[in-house]
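See structure below.
Atoms within a ligand are numbered from 1 in the order they appear, just like the ligands themselves. For the numbers below, each heavy atom of this structure counts, side chains included, while hydrogens, waters and symmetry mates do not.
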Amino acid sequence: MMALEQDTTPTVTMSPSNINYSVHAEPSGSASSAVSPSMEDSRPDPQQAIRAQISILHGSLRPVTLKFEDVTYSIKLSSADSSISNWFSSSHPTLTRTVLNGVTGIVRPGELLAMLGPSGSGKTTLLTALGGRLPGKFSGSITYNGHPFSSSMKRKTGFVTQDDVLYPHLTVIETLTYAALLRLPSSLSRESKIEQAEMIITELGLLRCRNGVVGGGPLFRGISGGERKRVSIGLEMLVNPSLLLLDEPTSGLDSTTAQRMVETLRRVARGGRTVVTTIHQPSSRLYRLFDKLVVLCDGWPIYSGSAGRAMEYFGSIGYVPAFNFVSPADFLLDLASGITSDSKQEDHHELHGRSEQHDDSNSTKQSIISSYRKNLYPVLKAEIQKNYQGQIHALKTSLTNNESRWMTTWWEQFKVLLKRGLKERRHESYSGLRIFQVISVSVLSGLLWWHSDTERIQDQVGLLFFFSIFWGFFPLFNAIFAFPQERPMLTRERASSMYRLSSYYFARTAGDLPMELILPTAFVTITYWMGGLKPCPLTFLLTLLVILYNVLVAQGLGLALGAILKDAKQATTLASVTMLVFLLASGYYIQHIPAFIAWLKYFSFSHYCYKLLIGVQYTGNEYYECGVKMKCRVSDFSGIKFLGIDNLGYDVAALTIMLVGYRLLAYAALRINH
Ligand SMILES: Nc1ncnc2c1ncn2[C@@H]1O[C@H](COP(=O)(O)OP(=O)(O)OP(=O)(O)O)[C@@H](O)[C@H]1O
């Protein structure tokens, strides 16, 4: 797969007169490509677009020149003193920290830019800013072909984060195929999209693990870290991005795999794309593959320009490596940390101790930062300010064509997401443990309530209450985890405009329905008949319907709590308190709740469910044995009398309001949080 690695120079030719551009990337004989859409017609030929989409690794359709000038970014830190007295004082100062300090640079199509710097120097922050994902405002400017970040640019940008956020239970081919079905335009056939995913697998050397599950975390091992990283890159490559941003793509990889990874990135860049990557400790071999370099030191730039000239520049301002064989990257990282020469420093520190070491490194940093401002910055500024009007005009046309935000229709997105969700959660939904849990509880309760006829009305009422509580707790706690578990994936996919939130929401909730409904059906069927409830098919059916309705309401509340709180732990805590209140207020345990708190029952879906179950099971003129040879009306039984079994329509209406309300709340919370 790496056979294409050669020194290939992209040529981007533009002239305002003929407004044509062509990107020639000729990595090797067979893979050569030339994409030259005419800019006179802003609407690309669909066939041509499709062909170009299919040959994704061969050429970018819309080259992007990325310029960033004086990018400065500060973060607010929470006040160190959070004592109670401070909460009431409005005058305590807000601490801020400048993470980026006037970083400037330019990277053109076909170039691979690497960001170097010690840990915490601001590489990820700068990359996030370049990807238009920085929360809050920064000063300075970042432009893409002369324009600010737009939703059109968002779709042409691939962003690979440091942590691989992937669905752990899908295989490599499933992961890429579902992404292709969601991210590639409807104009491509399903087969072409699948072909595209296969092509990515071949191009990124993933054939060996094609059918392996992705995995994640120490408890669920899947493919290797390097393979997972390549899957993440493949996901972004699917859309043939014009701008590809990668955060530490080589972290955790051995040097050979890291070398291959960067070679691949270089090849991707040579296809006319703009590639920017942060990198830790590149070897000399790796370093040679970069075209451009930005070196950061505590958020300040100390170098920005050609990678090949970095050593020459630092030599010219008096910093040279102590030994000839020192890797350029090691030397630059040492410099960015304020360390000038290993041997000199060691001798010096032995003599003068730690505080002087600190002073020395600070003065070195000051010196290289001011050299950058004096020597490099003006040259860089002049280069960036050069008149690129011709290019901008030509490229602008390609970037502003009339595109809708979504690649596929709502229905297509729903279908793919539903299928993907079912695959990803098949182990969970159809887990033997869950089935065992429900069946064993149903059999056990059937035995405990064995043939409890109307003569033991207290027991029967208890069984109906148990139905309403068990089928409140169980779906509620299952649903709570739905959104918090998928949050990282949802954030990543939404950031690349992969699908609408509504299609995700409906697919996610619909996917859980079969199992959410099958299990209570099995439970009620077993327990109802074993427990000796009214042997009437209609009553049984109505009981089942009430339980299923209750399940849907409880599931809605669980989804809403998970979506609002985002954290599953907090959501489960709140859910257990809520369910406890619902259980106590539902009218089974306490019949004389004080008036000032009796309103609580109106918020309890278990109360409505319990009332409906009683109403379905008994009619007002039924009798039960209430003493020796004494018959009493069921409606006079204290538990039922207090509850009241009239006006059941109101209870159905209350449950319906909750059913819709909780689900709307869950959707609104998701929308706000994503
Ligand atoms: N949201 C935030 N809250 C607090 N500190 C932040 C935040 N974002 C960034 N920082 C701080 O800004 C600095 C730069 O962070 P950044 O992640 O960009 O560094 P980095 O060079 O990518 O580091 P590494 O190589 O370790 O990933 C760090 O000191 C980090 O703690």
### Message
For Arg671, give me all partners under side-chain contact (heavy atoms from CB on, under 4.5 Å), at least two apart in sequence or on another chain.
### Response
Arg494, Leu501, Tyr667
### Message
With a cutoff of 4.0 Å, is Gly117 in contact with ligand 1, counting heavy atoms of the residue only?
### Response
no
#### Entry: atom 30 (C) of ligand 1 - nearest protein heavy atom and its distance
Arg97 NH1, 4.2 Å
### Query
So, does Met115 sit close enough to ligand 1 that a heavy atom of it is under 4.0 Å from the ligand?
no
### Task
For atom 25 (O) of ligand 1, find the nearest protein heavy atom and state the residue, atom name and distance (0.1 Å precision).
Lys123 NZ, 2.9 Å
### Sequence-distant partners of Ser367, side-chain hydrogen bond (donor to acceptor under 3.5 Å, both in side chains), two or more places apart
Tyr319
### atom 12 (O) of ligand 1: the protein heavy-atom neighbour that sits closest, reported with distance to 0.1 Å
Val99 CG1, 3.3 Å
### Sub-4.0 Å atoms of ligand 1 with respect to non-hydrogen atoms of Pro118
21 (O)
### Message
Rounded to the nearest 0.5 Å, what separates atom CG in Leu126 from atom OG1 in Thr278?
### Response
10.0 Å
## Note on the structure
Honestly, for Thr125 the part within reach of ligand 1 (heavy atoms, under 4.0 Å) is both
### Message
Below 30° counts as parallel, above 60° as perpendicular, anything between as tilted: where do the rings of Tyr499 and Tyr504 land?
### Response
parallel
### Query
Atom OG1 in Thr274, atom CG in Leu112: separation rounded to 0.5 Å?
10.5 Å
### Query
Closest non-hydrogen protein atom to atom 22 (O) of ligand 1, residue and atom name please, with distance?
Thr124 OG1, 2.6 Å
#### Entry: ligand 1-proximal atoms of Pro135, by part, heavy-atom distance under 4.0 Å
neither
### Query
Where's the contact between Ile75 and ligand 1, heavy-atom distance under 4.0 Å: side chain, backbone, both or neither?
side chain
## Note on the structure
Ranked by distance from atom 26 (O) of ligand 1, the top protein heavy atom is Ser119 OG, 2.5 Å
### Message
Is there a polar contact, in the sense of an N or O pair closer than 3.5 Å, between Gly120 and ligand 1?
### Response
yes
